[in-house]
Amino acid sequence: MSGTDQSSSTLQEAEDLMTGTVRGDSFTDDYWRDPHAALAWAREHSPVREVDFEGGRTWLVTRYADVRAGLVDPRLAKDWRSTLPEAERAAAPPALPAPMSHMLTSLDPPEHTRLRALVTQAFTARRVAELRPRVEAVAHELLDALPEDEPVDLVARYAIVLPMVVICELLGVPELERDEFARLSTVLIDECPEPELRRASAQMADYLEGLVAAKRAAPDDALLSALITASDEGDRLSDVEIVAMAMLLLMAGHETTAVFITNSVRALLADPAARQRLASPPEVPSLVEELLRWLSPALNASLRFATEDLEIGGVPIPRGASVMLSTGGANRDPAQFADPARFDPDRSTAGHLAFGHGIHRCLGAALVRLEGEVALAALFARFPHLRAAADPAELTFRRSVHVHAPRTFPVVLGPRANG
């Protein structure tokens, strides 16, 4: 990849790809397989455009300057009820079922400010750095259990499990429940029918409500108990807010990291020179930062809603309209990054939007970086001859507007470096 353009489509192929996807005002099969080509076409030809999404219409924004500005624009609210006249807000239902409607990603100040302050200290760079020995131990435990000479699904056996173990330990979620959490969170993030979404939300909420009650009766030193203690000591955190926070941290704490690890392995298998940097610890952070920019683990931010008539990129957006800011589109904007489709670990990645920007910037950014560095370095150090075990054309991709990754990624690990 270094020194070469890794876009999977020529301009004409990209235009063909867009037919029936974003160019055709909807997200369909070709988008799931190659969203960067679709976003590149939109950014070049129609950077602020209305598209079909989940039975309605939303404005998709793909240029860096517009996306970055939108991420901090107070006129773009996370709670759709902010678009209503003040007298109507209290009676209006939330856009998402409880407790999802109480998540940080669905809230605006002052509620967002209050809730975020309660968990920020758990994800400071210093606190996260202290987790490195445990993350390394988890990575090595998982790699020890993998066979060398038969196909292994890297998603199910490594990419999902590592961040799931870490976030569950951080929160204090019992090990036996982790597989079920992974399944439910996939349902909540991928495209699925509304009844299935509500069932998954209710199932996760029911379990977490029981866990909150158990932690209140027998607290431990994990984050969930700390949230309960803070609430009991007067920080006005309701049980539904505690459950919503736990649900968000469980989902966000492993989903995007799993996607990032999977796609990074796919990228590094195609670039031996970049892969060699993993053997030099000082070079790993810059490599991971460019992977974050180039891959954008979260391709599109969750919806925002216009609280008044406004313009984005010169396009009028009416009050009440929903807006989807594409961080993936922004991170490959040639107006911000030279030759942006080129993967180049030597470039400056300053200002990339892989973790968003502003008050809703990813709370766990430092943890994602740490887990990515550890997971990739440990994997390729242990298995330097790792190779893909399936034709890329045969991979099935998740149907999600927000993340892009194959559902499974079969690999053959090959002989261990120490064996």
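If you read the sequence from its start, that first residue is 1, and numbering goes on from there.
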For this session: Please assess L413 against L143 for the test side chain to side chain contact (heavy atoms under 4.5 Å, CB included), listing each intermediate value before the final yes or no.
Result: CA-CA 10 Å; L413 298 169; L143 295 174; 5.9 Å; no
For this session: Please report the C-alpha distance between R43 and D66 in whole Å, then the side-chain angles of each, then the deciding distance to 0.1 Å, and finally whether the salt bridge (charged side-chain N to carboxylate O under 4.0 Å, His left out) criterion is met.
Result: CA-CA 11 Å; R43 188 179 56 241; D66 297 331; over 6 Å; no
For this session: Starting from the C-alpha separation in whole Å, work towards a yes-or-no answer on side chain to side chain contact (heavy atoms under 4.5 Å, CB included) for D239 and E209.
Result: CA-CA 8 Å; D239 278 4; E209 286 169 4; over 6 Å; no
For this session: Test side chain to side chain contact (heavy atoms under 4.5 Å, CB included) on L292 and N331 and set out the steps.
Result: CA-CA 9 Å; L292 286 165; N331 280 338; over 6 Å; no
Exercise. How far apart are the C-alpha atoms of D333 and R68, what are their side-chain angles, what is the distance that settles it, and do they pass the salt bridge (charged side-chain N to carboxylate O under 4.0 Å, His left out) test?
Worked result: CA-CA 12 Å; D333 186 345; R68 193 175 192 276; over 6 Å; no
For this session: Go through the steps for E283 and L287 under the test side chain to side chain contact (heavy atoms under 4.5 Å, CB included), then give the verdict.
Result: CA-CA 6 Å; E283 295 188 62; L287 174 65; 5.9 Å; no
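Taking the side chain as every heavy atom from C-beta outward, L353 and L325 never approach each other to under 4.5 Å. The closest side-chain heavy-atom distance from D344 to D339 is not below 4.5 Å. Inter-residue side-chain proximity for T396 and T408 is flagged as unmet; no heavy-atom pair is nearer than 4.5 Å. Residues P340 and R293 meet the side-chain proximity criterion, which asks for heavy atoms closer than 4.5 Å. Counting heavy atoms from C-beta on, the side chains of L170 and I167 come closer than 4.5 Å. Between E290 and R342, every side-chain heavy-atom pair lies at or beyond the 4.5 Å cut-off. When side chains are defined from C-beta on, L208 counts as touching L250, because their heavy atoms get closer than 4.5 Å. Using a 4.5 Å heavy-atom threshold, the side chains of P345 and L291 count as separate.
Taken to the nearest 0.5 Å, the CZ atom of F337 stands 7.0 Å off from the OG1 atom of T349. Interatomic distance, CG of L278 versus CG of L268, reported as 5.5 Å (0.5 Å rounding). Distance check: I312 CD1 to I317 CD1 gives 4.5 Å after rounding to the nearest 0.5 Å. Going from atom NZ of K78 over to atom CZ of R304 covers 4.5 Å, rounded to the nearest 0.5 Å. Interatomic distance, E169 CD to L223 CG, rounded to the nearest 0.5 Å: 13.5 Å. In this structure, K215 NZ and L227 CG are separated by 11.5 Å, a value rounded to the nearest 0.5 Å.
Taking R75 as the reference, D73 meet the salt bridge (Lys or Arg N to Asp or Glu O under 4.0 Å) condition, with sequence neighbours excluded. In this structure, E311 has no side-chain contact (heavy atoms from CB on, under 4.5 Å) partners at least two apart in sequence or on a different chain. Residues meeting the side-chain hydrogen bond (donor to acceptor under 3.5 Å, both in side chains) test with S225, sequence neighbours left out: D220. Applying the ring pair (Phe, Tyr, Trp, His ring centres under 6.0 Å) criterion to F355, with sequence neighbours excluded, gives no partner residue.
With hydrogens and angles ignored, the 3.5 Å screen pairs no side-chain donor or acceptor of R266 with any backbone N or O of P392. At distances below 3.5 Å, at least one donor-acceptor pair connects side-chain atoms of D153 with backbone N or O atoms of F409. The closest donor-acceptor contact from the side chain of Y158 to the backbone of V152 lies at 3.5 Å or more, if one exists at all. Formation of a donor-acceptor pair under 3.5 Å by the S264 side chain with backbone atoms of F260 is found in this model. Within the 3.5 Å criterion, the main-chain N or O of R57 finds a donor-acceptor partner in the side chain of S322. D108 contributes a side-chain N or O that, together with a main-chain N or O of D79, makes up a donor-acceptor pair within less than 3.5 Å.
The nearest pair of heavy atoms linking P174 to Y207 is CD-OH, 3.2 Å.
Screening residues 109-130 for ring pair (Phe, Tyr, Trp, His ring centres under 6.0 Å), with sequence neighbours left out, gives H112-H360.
Aromatic rings from F343 and W294 are positioned such that their centres are separated by under 6.0 Å.
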Which pairs of donor and acceptor atoms, one on a side chain in residues 367-380, lie under 3.5 Å apart (sequence neighbours left out)?
unit_1	atom_1	unit_2	atom_2	d
R369	NE	E289	OE1	3.0
R369	NE	E289	OE2	3.2
R369	NH2	E289	OE2	2.6
E371	OE1	T257	OG1	3.4
E373	OE1	R132	NH2	3.0

